[in-house]
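For reference, the structure is listed below as structure tokens.
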Amino acid sequence: METDEVERRIEAAIDDAEASVSLPRVPDEDHEDAHFAAVVVSPAFEGLSLVDQHELVYDALGEAMTTEIHALELKTYTPEEYRESN
């Protein structure tokens, strides 16, 4: 799976989400070792615990979380939290 596909799936499943996905390390061509890092900003996270926010992202990626994605380094923010963090 490519980074743009991960972004597309997240943005399609979570209301008003903006996802930025990268590969935090050089992929190992000898292994099916898809490690991704994602920053997801959405008003849908408002009032949710961090665990619940991450669950929304994992649900958006569905079966890929157990097949095509080996690891996902995840940061989630509401729009206000994101503005304050930068």
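Keep in mind that this is a model prediction, so the values were computed, not measured. Heads up: numbering here begins at 1 and tracks the sequence.
- Think of Y77 as one node in a network of Ile, Leu, Val, Met, Phe, Trp and Tyr side chains linked at under 4.5 Å; its network also takes in V39, V41, Y82.
- Sorted pairs that involve residues 72-84 and meet salt bridge (charged side-chain N to carboxylate O under 4.0 Å, His left out), not counting sequence neighbours, are lacking altogether.
- Between atom CD of residue E2 and atom CD of residue E7 there is a gap of 11.0 Å, rounded to the nearest 0.5 Å.
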Please tabulate, one pair per line, all N/O donor-acceptor pairs under 3.5 Å involving side-chain atoms of residues 13-21, not counting sequence neighbours.
none

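- With sequence neighbours excluded, the residues satisfying side-chain contact (heavy atoms from CB on, under 4.5 Å) with D59 are E55.
- Under the side-chain contact (heavy atoms from CB on, under 4.5 Å) criterion, S22 pairs with A37, not counting sequence neighbours.
- For residues 38-52, the set of pairs meeting the side-chain hydrogen bond (donor to acceptor under 3.5 Å, both in side chains) definition, not counting sequence neighbours, comprises S49-D52.
- Every residue meeting the side-chain contact (heavy atoms from CB on, under 4.5 Å) condition with E5, not counting sequence neighbours, appears here in chain and number order: M1, R8, R9.
- Taking CG of L72 as the reference point, atom CD1 of I10 lies at 6.5 Å (rounded to 0.5 Å).
- For Q53, the side-chain contact (heavy atoms from CB on, under 4.5 Å) partners at least two apart in sequence or on another chain are F45, L48, L50, T76.
- Residues L56 and V40 form no side-chain contact, since every pair of their non-hydrogen atoms from C-beta on lies 4.5 Å or further apart.
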